[in-house]
Amino acid sequence: MANMRRRKFLQMTAAIAGVSPFLHACDNKPRSRGKIVGASSKFGHLLRDQKFAKSMAPPVQHDVVIVGGGISGLSAARWLHKNGITNFILLDLEPQMGGNAAFGQNTISPYPWGAHYITIPNNNLQEYVDFLVECNVITGYNEQALPMINDYYLCQDPQERLYINGQWQDGLLPQFGVPQKDRDEIHRFMQMMDMYRKATGTDGRDAFAIPVDHSSKEGQFTILDTITMKDWMLQQNFTSEYLRWYVNYCTRDDFGTAFDVISAWVGIHYFAGRKGRAGNAESHDVITWPEGNGWLSEQLQAPVKEHLKTNAMAVSVVAGAENVLVEYLDTTTQQLHSISAKQCILATPQFVNNRLLQATMTERAALVKEKLHYAPWMVANLSVKNLKERSGMPLSWDNVLYNSPSLGYVKANQQQVNQDNGQHNLTYYLPLTDETPASARKHIHLLTHSDWVARVFKELEAVHPNIDAATQSIDIMLWGHAMPQPLPNLVHGNTRQQLQQSVGSNIHFAHSDLAGISIFEEAFYQGIAAAKKVMGQIL
């Protein structure tokens, strides 16, 4: 039965990607070296099934325990430390902190496994700007008080290109071979996005802000959260297939969600929420590192290293009258341990919190199950040498193929000064949006490393005819629950507000899924908000 399910899925995914489902089986030539890596799903399933013995040792005492070492948890830890609370511990299941900002490294360079850039920061986000100053991303200010971005971290040219109509063009907005009527429609769309970027409500708030909770609550804007982006575009008579492709690319890129199901408010927020200005960069420029946002994760960790414990999977969280009891499994020794803390921050996705709090939180569990859906992704890192190119723009940081099922790839070593040896790390992103998230999660583990390699190569052969021969190694990362899907009524409904509420006075929540959109700034501020709640109870 398992083989039949796998064959059916191979045929389905092959039809989508244009790959023979038996390509790898018919080719006796060894495929490129590599393996499937990824988040510790087997331990996650252990948590789900609760198949472990209870701890018998007495609990270790701390003032605060943080569960989850993604950006929200690290941000909370940093904020507590900055404000004099140092008796805390942060637990994370993985051997590497950072969550979706995880990264790998080889002899060429580091490379991202997830989030790989930030944009010019919105100038009103003082705490975020201060953090970027601390880690020297912002090196100072000019006479107009605009931040100066570290030149080493501003994405080097060429930044991005799109393969369309048989040629690589500069930029990702479709232009080459695009009819004038489509160009006019794209221009009208971008003008409307600029209007929304500048719009404010009668409540004095930006219509689209970061964090999203700072956005205007005026009805003319929040009503956009009740329909999909596709339906809104139809209402506005945006029918160009080139524009639809571009918008769908954008929503899949940032949110792992196709434009025909994502909230229109969130789809517009992609274009209208970021308003940062810098003294030495354009507002559309990006800030990046070979390891992507893993570099920022490392900066968050630096001042709190001694408080971080990896390979530690929390298995239960129980609130008492004065303390919280947290049990965790040391995945290296398979031993259970416990911590008693005055305060607890759960910086983990809400579906994980359901399992940690399952004894007492049935209403919360039902809300999460009904309203929150998490997008699965596949990410591949290809180490290549002497890659052949099609005509047009040269290899760039971001390289996208028009009408491709993937988001293309980034060149991870773009920021390296010396790139003359022809070796590159290419990180390829595939959000699995062709079926429901639950269905995709069931299917991704049915594919072997060779299956994924065949799919990646089949797509990239269109632009790099020697991709197989040029690839020295290719590793595959599978993200089962990469990010929340911002479907209609999530951002401006009441689901997030209910889930943000603390449990009693000693369990607080911090994760980007509580914002509805998974971007660095949201996770950063979720962590600060939870840390401030803890401080309100302890100080």
Side-chain angles (χ1 to χ4, degrees), residues 71 98 100-105 108-123 125 128-129 131-133 135-140 142 146-163 168-173 175 210 246 249-250 253-254 270-271 273-299 379 381-382 384 387 389 392-401 406-420 423-429 463 519-521 524:
I71 298 304
N100 286 358
F103 66 94
Q105 186 162 355
I108 300 173
S109 72
Y111 50 85
W113 278 127
H116 52 282
Y117 70 95
I118 57 174
T119 58
I120 304 300
N122 286 7
N123 303 79
L125 301 181
Y128 180 47
V129 168
F131 166 65
L132 295 180
V133 170
C135 51
N136 203 37
V137 173
I138 294 175
T139 59
N142 67 6
L146 293 175
M148 303 295 290
I149 308 299
N150 192 322
D151 286 332
Y152 284 103
Y153 306 145
L154 277 172
C155 186
Q156 296 182 19
D157 287 330
Q159 284 194 28
E160 54 191 23
R161 63 178 181 169
L162 174 66
Y163 188 75
W168 286 109
Q169 64 151 64
D170 184 22
L172 299 186
L173 269 173
Q175 301 172 49
I210 298 174
Y246 178 69
Y249 162 82
C250 292
D253 183 36
D254 253 29
Y270 174 93
F271 301 95
R274 300 191 184 279
K275 317 167 200 290
R277 298 172 60 220
N280 62 332
E282 300 295 328
S283 59
H284 59 264
D285 284 338
V286 299
I287 304 167
T288 189
W289 304 265
E291 58 269 61
N293 289 7
W295 188 90
L296 292 169
S297 168
E298 296 280 290
Q299 309 312 304
V379 181
N381 190 77
L382 297 79
V384 303
L387 197 63
E389 281 284 351
M393 280 289 294
L395 186 63
S396 303
W397 171 69
D398 197 7
N399 307 266
V400 178
L401 285 68
S406 79
L407 302 172
Y409 61 87
V410 296
K411 186 176 74 170
N413 56 322
Q414 175 79 357
Q415 300 301 96
Q416 289 182 333
V417 175
N418 184 5
Q419 301 182 28
D420 296 333
Q423 290 187 301
H424 306 293
N425 279 320
L426 310 181
T427 307
Y428 167 101
Y429 292 88
V463 291
I519 62 175
F520 186 90
E521 297 96 318
F524 180 84

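Just so it is clear, the model here is predicted, and its values are computed rather than measured.
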Practice problem: Say whether, by atom type as modelled, one donor and one acceptor occur between the side chain of Gln169 and the main chain of Gln175 under 3.5 angstrom. | Solution: yes
Practice problem: For side-chain contact (heavy atoms from CB on, under 4.5 Å), just list the numbers for Leu407 and Val400, CA-CA rounded to whole Å, side-chain angles, deciding distance to a tenth of an Å, and then say yes or no. | Solution: CA-CA 6 Å; Leu407 302 172; Val400 178; 5.9 Å; no
Quiz item: Is Asn399 reaching over with its side chain to a backbone N or O of Val410, donor-acceptor style, under 3.5 angstrom?
Solution: no
Exercise. Could you please spell out the steps behind the side-chain hydrogen bond (donor to acceptor under 3.5 Å, both in side chains) verdict for Asn425 and Ser109?
Key: CA-CA 7 Å; Asn425 279 320; Ser109 72; 3.0 Å; yes
Taking distance alone, no hydrogens or angles, what donor-acceptor pairs closer than 3.5 Å link side-chain atoms of residues 285-293 to residues at least two apart or in another chain?
from   : atom 1 : to     : atom 2 : distance (Å)
Asp285 : OD1    : Gln159 : NE2    : 3.2
Asp285 : OD2    : Glu282 : N      : 2.8
Thr288 : OG1    : His116 : O      : 2.7
Asn293 : OD1    : Tyr117 : N      : 3.0
Asn293 : ND2    : Tyr117 : O      : 3.4

Quiz item: Are any non-hydrogen side-chain atoms of Leu387 and Leu426 less than 4.5 angstrom apart?
Solution: yes
Quiz item: With no hydrogens and no angle check, is any side-chain donor or acceptor of Gln414 less than 3.5 Å from a backbone partner on Pro158?
Solution: yes
Quiz item: Given Tyr428 and Leu382, is the side-chain contact (heavy atoms from CB on, under 4.5 Å) satisfied, shown in steps?
Solution: CA-CA 8 Å; Tyr428 167 101; Leu382 297 79; 4.1 Å; yes
Exercise. Indicate yes or no for a side-chain donor-acceptor contact from Gln156 to the backbone of Gln415 under 3.5 Å, with no hydrogens or angles considered.
Key: yes
Quiz prompt | Expected output: side-chain Asn280 to main-chain Ile149 donor-acceptor under 3.5 Å | solution = yes
Quiz item: Under the side-chain contact (heavy atoms from CB on, under 4.5 Å) criterion, do Tyr111 and Val379 qualify, and how do the steps go?
Solution: CA-CA 11 Å; Tyr111 50 85; Val379 181; over 6 Å; no
Self-check item: Donor-acceptor under 3.5 Å (Arg161 side chain, Asp170 main chain)
Solution: no
Quiz item: Any side-chain donor paired with an acceptor under 3.5 Å for Asn150 and Thr139?
Solution: no
Quiz item: Between Asn122 and Val129, which heavy-atom pair has the shortest distance, and what is it?
Solution: O-CG2, 4.0 Å
Quiz prompt | Gln416 side-chain N/O to Ile108 backbone N/O, donor-acceptor pair under 3.5 Å | solution = yes
Quiz item: Backbone N or O of Trp295 within a donor-acceptor pair of the Gln299 side chain at under 3.5 Å?
Solution: yes
Exercise. Could you tell me whether the side chain of Glu389 and the main chain of Val463 form a donor-acceptor pair under 3.5 Å?
Key: no
Quiz prompt | Test log, rule side-chain hydrogen bond (donor to acceptor under 3.5 Å, both in side chains), inputs Arg277 and Ser283 | solution = CA-CA 5 Å; Arg277 298 172 60 220; Ser283 59; over 6 Å; no
Exercise. Give the ring-plane orientation class for Phe520 versus Phe524, where under 30° counts as parallel, over 60° as perpendicular and anything between as tilted.
Key: parallel
Exercise. Please name all residues satisfying ring-ring contact (aromatic ring centres under 6.0 Å, His included) with Phe271, sequence neighbours left out, ordered by chain then number.
Key: Phe189
Quiz item: Do Trp168 and Tyr163 pass the ring pair (Phe, Tyr, Trp, His ring centres under 6.0 Å) test, and can you show the C-alpha distance, the side-chain angles, and the key distance before you say yes or no?
Solution: CA-CA 4 Å; Trp168 286 109; Tyr163 188 75; 5.3 Å; yes
Quiz item: Going through the distances and angles, do Thr427 and Tyr409 end up as a side-chain contact (heavy atoms from CB on, under 4.5 Å)?
Solution: CA-CA 5 Å; Thr427 307; Tyr409 61 87; 5.8 Å; no
Self-check item: Test item: Ser396 side-chain N/O and Asp398 main-chain N/O as donor-acceptor pair under 3.5 Å
Solution: no
